[in-house]
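Worksheet for the structure shown next.
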Amino acid sequence: MTFKNFALVFCLIVFTQVFSFAKLKFEDDILPLLEDYCIDCHGPDKSKSGFRVDRRVHLLKGGDSGLSAVIPAKPEKSYMIEVIKSDDPEIGMPPKGGKLFDDEVELLEQWIAEGAVWPGQMEDKIEEGTEHWAFQSIDRPTIPKKSKNPIDSFINRRLKVEGILANKQTDPLSLIRRASVVLTGLPPRPSRVADFLSGYKKNPEQAYTVLVDELLASPHFGERWAQHWLDVIRWAETNGSESNLYRKLAWVYRDYVIRAFNQDLPYDEFVRQQLAGDGMGVGEALGFLVAGPHVPAATVGQEASAIRQARADRMDEIMQTVGASMLGVTMSCARCHNHKFDPISIQDYYSMTAVFQDIEFGSRFPEFSKEHPRKTKANEFWKDVAKNRNIIRKKTSTWEEDWGGYKEIHWKPIEAVGLRLNFWSGYVGLDEVEIFGLPSENFNLARATNGTKVSTDLAFAQQRDRFPVFRVIDGKYGTQRWQASYNKQKKQNPWLEFTFEKPVKVGRLRMSSNREYYYETDYLEQKNKFNFDQFLVNVKLVDGTWKEIASIQEIRDFNKREKSVGDAVGEINHLAYKLSEEGPRPSFVGSFIKPKVTRVLHRGSPENPRDIVPPAAPKILSGELGVDSKASGRARRAEFAEWMVDAKNPLTARVMANRIWQHVFGAGLVVTGGDFGRAGAPPSHPELLDWIAAEFSNPSRPEGTPWSMKELIRLFVTSDAFKRSNQPSDVGLEKDATGSLLWRFPPRRVEAEVIRDGILLASGKLNREMGGRSYRIHNVKKTYAQWEVVNNFGPETWRRMIYQERMRRVDDQIFTAFDFPDCGQVRSKRPVSTTPLQALNLMNSDFVVDQAIHLAKRAQDESKGNLKTSVIRAFELVFSRKPRKEELNASLEVAKDRGLEIVCRALINSNEFSFLP
């Protein structure tokens, strides 16, 4: 090659390299691509998926997916490159026409790698924010022309503007029935009505004030208002899945809510406890987070992707609960993409899930303070347990106790280096074995993390890969267990041998077959508590010799011979049951797992994790919590709880103030109480809503307690708006047919619970016992069978309806017809329907027929058998008033012909009984 040719080739190579690395010209190389392929669907006039390409800031922000279309210097992480390269018809771009050529894609990649320079737009920014009223800070409005009650000042001003004349105050009988039902869910007793009417004649205001104070102090107040809270969070005692299994001791959360309302626990503290109560001595309050439905692990199966999907679904249930109840925001809408209506991004959604990554649907021992009522009750029981153990120790050093979820064997502590279990039964199933030292110690010596090893003969194993022996020392309870059976060839029963890391004192053994299953569900056929029965316990002494220390058969034979020992063991077993009912026992209020790093799941799929997000609340509400993914679950939740009740979050006070208003007046100032976003309804009285929200949450209230729910309710029910007659007027109906402006008290049908409890109250059969296990109306079923109603009217069911088993998707065959929720969906407000089935159930159901007989007998007994007086008494018991002349005459005629119970059934089936006056 000549020098001239060599120089020419060299220059060509240099020119090619320089040209290939030359910086792009945006106007010539990039903008035409955006205009040709993208701008028709993603421009200022039409922006599909909320995405635009006409400005650099829009590319940086991205669209509804929540992913940045362009990340300068990182083409491999830029979503725009991903979609234009994708062959997936659902996300591939452009969706119609030809795909970009390879050299065009390379140009876009090079442009992004060089910093995505767009001349004239490099300093542009998008101001994040919203003008939607619900996300604005609460500025306490000035009270208009003052009335005695500030509520009336706002209401009356609006009525004056609309030209509507407000109704006069209702009659005192209607007032006491209205106040009693709204505040306690029970109609007033006839004797209380008589006292009120007498006092009202002398001093109406004083009589009513005394009445309101009495109702707010009633223990039935908590039962009534707890029901409202349970509705919105979908609380139930089954999981709602295909199996719809019972959630054992979930009712401890229900009792907590009742207690919180009765004690007037400030709402900010109520919020804190339900988000982080495990650090506040009220661990059962976390039942709030697992109130929604879930699919149990046994139904999910072992497929890894199915497990991940189920976990994501459970986290979404938590988001629905927190979002609807406390924030009034439909958070789940941001699970797959940015919220379509509200300023909630997909990053916000997953940052909120990061807050609750340590929560799992399941059972645990709730954390109780020393003063907690269940803790103080348990102390009494434990003293009795100790007393009976001392009785046993005087006769023997070895005995067996049944604690429901596990069996416990006691013996005199002895130093050992190993322990062996020889099972006499042909089959054994164990999820966990625990070994303890001295009676006062609860350190599990058998756990693998404490250095203990376990061994057995693999010849006994049932599917050794599926049921490995290691599971008995892994610290986990449930269906993941060890199973073994009799070996015919060796003619041997199964055994287990534990080897300790060093010599230790051993004195107690605890074993279970499926402790998680026992604590988490109940009322199932073929539910075996223990898949083991008789066995021997031997210990390996320090010198290497073995010593038998317990034989279950010998223990049981001894108990039969020594009645005092057998009785003491029986009493301990009974105390174990009482502890499960009244003391700290594993309850379905959530369990804890180690929190993981949280990532945004692209399009909501656990199989497509993207960027890591820290625990946080929505950015639009200044949701930075100051914690990262290394923080403990409790720390995350505690910080989130403080943010939730901080003044910088205006939604918390607005949402709860509105919800309380709804339950007093029948509809919220915002009628969509679970959705304060753009898809929800605007407030009917914006200034009034902000005033009551400010009054509710004011930390420096001159009178009363900040966040007091009872004080806010008192303010509402003492207003003229609450006391008004419900009678219609032509002008009122013309201008405000729904009564939302409160020119009259809006009449409404009472809830299913009020009807049922009112019937029991009238008949004299209402059992006022509070708290504890729900009364049963359902069968014992197979795992995947449906619950069936077997008893919904017998004496065992005569408690208030809040204590009825609350099964998801199950019709109780009487009061479900009255719009009792199925607990499957968030229910910020119950619908109110009118159907023939309602009238039929209130006339012909077994419950009503039975209660009408009791009501008639009560009326007769209290009237000494006089029929006329009995009819009058029946009216008083049902309506709190005497019958009018024509009512009395008609009722007497029916009673003489068909019996008084028929009259009672007619009264129960009347609008007067079923509607709030």
Side-chain angles (χ1 to χ4, degrees), residues 169-225 227 258 261-262 264 663-664 710 713-714 716-719 722-726 745 750-751 753-770 798-802 851 854-863 869-884 887 904 907-908 910 912-917:
Q169 184 168 306
T170 192
D171 62 276
L173 175 60
S174 295
L175 191 58
I176 186 174
R177 283 182 66 86
R178 182 185 298 171
S180 297
V181 170
V182 166
L183 295 182
T184 68
L186 293 171
R189 301 184 311 276
S191 59
R192 185 64 184 92
V193 172
D195 291 343
F196 177 73
L197 296 180
S198 175
Y200 195 86
K201 289 180 181 178
K202 301 173 185 176
N203 189 327
E205 185 173 343
Q206 181 182 14
Y208 185 66
T209 299
V210 170
L211 172 69
V212 169
D213 289 344
E214 176 187 306
L215 294 172
L216 288 171
S218 168
H220 297 307
F221 169 83
E223 293 172 323
R224 168 64 161 164
W225 283 79
Q227 185 65 70
I258 293 173
F261 274 99
N262 275 334
D264 195 23
H663 296 308
V664 171
K710 280 190 177 183
I713 294 168
R714 180 186 284 108
F716 293 170
V717 299
T718 54
S719 67
F722 181 80
K723 298 176 188 176
R724 285 183 181 132
S725 162
N726 65 10
F745 184 82
V750 296
E751 298 91 333
E753 297 91 329
V754 177
I755 296 173
R756 182 186 178 280
D757 297 348
I759 293 172
L760 288 169
L761 184 67
S763 71
K765 296 301 181 181
L766 180 64
N767 178 353
R768 294 173 183 259
E769 179 186 352
M770 295 184 65
W798 291 347
R799 298 176 69 197
R800 293 200 67 178
M801 194 172 173
I802 193 172
Q851 289 303 310
H854 294 301
L855 174 57
K857 186 176 186 306
R858 179 186 180 187
Q860 290 168 336
D861 290 346
E862 294 179 4
S863 304
T869 310
S870 297
V871 169
I872 294 172
R873 187 56 177 164
F875 269 77
E876 290 175 331
L877 293 170
V878 177
F879 295 154
S880 306
R881 66 170 177 85
K882 289 180 168 57
R884 291 182 286 273
E887 291 174 328
C904 292
L907 298 182
I908 290 170
S910 66
E912 183 173 349
F913 180 70
S914 299
F915 277 75
L916 200 61

| Can you tell me how far the CZ atom of Arg858 sits from the CG atom of Leu877, to the nearest 0.5 Å? | 4.5 Å

| task | Test side-chain contact (heavy atoms from CB on, under 4.5 Å) on Thr170 and Arg724 and set out the steps. | result | CA-CA 5 Å; Thr170 192; Arg724 285 183 181 132; over 6 Å; no

| Should Ile802 and Ile258 be marked as a side-chain contact (heavy atoms from CB on, under 4.5 Å) after you check the CA-CA gap, both sets of side-chain angles, and the distance that decides it? | CA-CA 10 Å; Ile802 193 172; Ile258 293 173; 4.0 Å; yes

| said: Testing the basics here: between Asn262 and Lys710, what is the closest heavy-atom pair and its distance to 0.1 Å? | reply: O-NZ, 3.0 Å

| Could you walk me through whether Thr184 and Arg224 pass the side-chain hydrogen bond (donor to acceptor under 3.5 Å, both in side chains) check? | CA-CA 5 Å; Thr184 68; Arg224 168 64 161 164; over 6 Å; no

| remark: Separation between CD1 (Ile908) and CZ (Arg756), nearest 0.5 Å, reads 12.5 Å

| request: Could you walk me through whether Val182 and Phe722 pass side-chain contact (heavy atoms from CB on, under 4.5 Å), step by step? | output: CA-CA 11 Å; Val182 166; Phe722 181 80; 4.1 Å; yes

Result block: side-chain N/O donor-acceptor pairs under 3.5 angstrom for residues 209-221, not counting sequence neighbours:
from   : atom 1 : to     : atom 2 : distance (Å)
Thr209 : OG1    : Glu205 : O      : 2.9
Asp213 : OD1    : Arg714 : NE     : 3.2
Asp213 : OD1    : Arg714 : NH2    : 3.3
Glu214 : OE1    : Arg192 : NE     : 3.1
Glu214 : OE1    : Arg192 : NH2    : 3.2
Glu214 : OE2    : Arg192 : NE     : 3.0
Ser218 : OG     : His220 : N      : 3.0
His220 : ND1    : Glu223 : OE1    : 2.7
His220 : NE2    : Arg768 : NH1    : 2.8

| So, Asp757 side chain and Gly185 main chain: donor-acceptor pair closer than 3.5 Å or not? | no

| Pro917 to Arg177 - nearest heavy-atom pair and separation | CG-CB, 3.9 Å

| field | Shortest non-hydrogen separation from Arg178 to Asn726 and the atoms involved | value | NH2-N, 4.2 Å

| note | Shortest non-hydrogen pair, Ile176 vs Val193, comes out as CD1-CA, 3.9 Å

| Backbone of Leu760 reached by a side-chain donor or acceptor of Ser763 within 3.5 Å | yes

| query | Atom CZ in Phe879, atom CG in Leu907: separation rounded to 0.5 Å? | reply | 4.5 Å

| message | Which residue in the set Leu761, Leu186, Asn767 passes side chain to side chain contact (heavy atoms under 4.5 Å, CB included) when paired with Arg800? | response | Leu186

| note | In terms of heavy-atom contacts, Ile755 and Ser914 come closest through CD1-OG, 4.2 Å

| field | Distance in Å, Phe745 CZ paired with Ser174 OG, rounded so as to fall on 0.5 Å steps | value | 10.5 Å

| request: Hey, could you give me each pair passing salt bridge (Lys or Arg N to Asp or Glu O under 4.0 Å) that has a residue in residues 872-884? Not counting sequence neighbours. | output: Glu862-Arg873, Arg873-Glu876, Glu876-Lys882, Arg881-Glu887, Arg881-Glu912, Arg884-Glu886, Arg884-Glu887

| Going through the distances and angles, do Cys904 and Val878 end up as a side-chain contact (heavy atoms from CB on, under 4.5 Å)? | CA-CA 8 Å; Cys904 292; Val878 177; over 6 Å; no

| Do you know the tightest heavy-atom contact between Pro188 and Ser180? | CB-OG, 3.7 Å

| said: Using a 3.5 Å distance criterion without hydrogens, assess whether the side chain of Ser719 forms a donor-acceptor pair with backbone atoms of Phe716. | reply: yes

| task | Could you grab the distance from atom CG of Asp171 to atom OH of Tyr200, nearest 0.5 Å is fine? | result | 8.5 Å

| What distance do Tyr208 atom OH and Gln169 atom CD have between them, rounded to the nearest 0.5 Å? | 8.5 Å

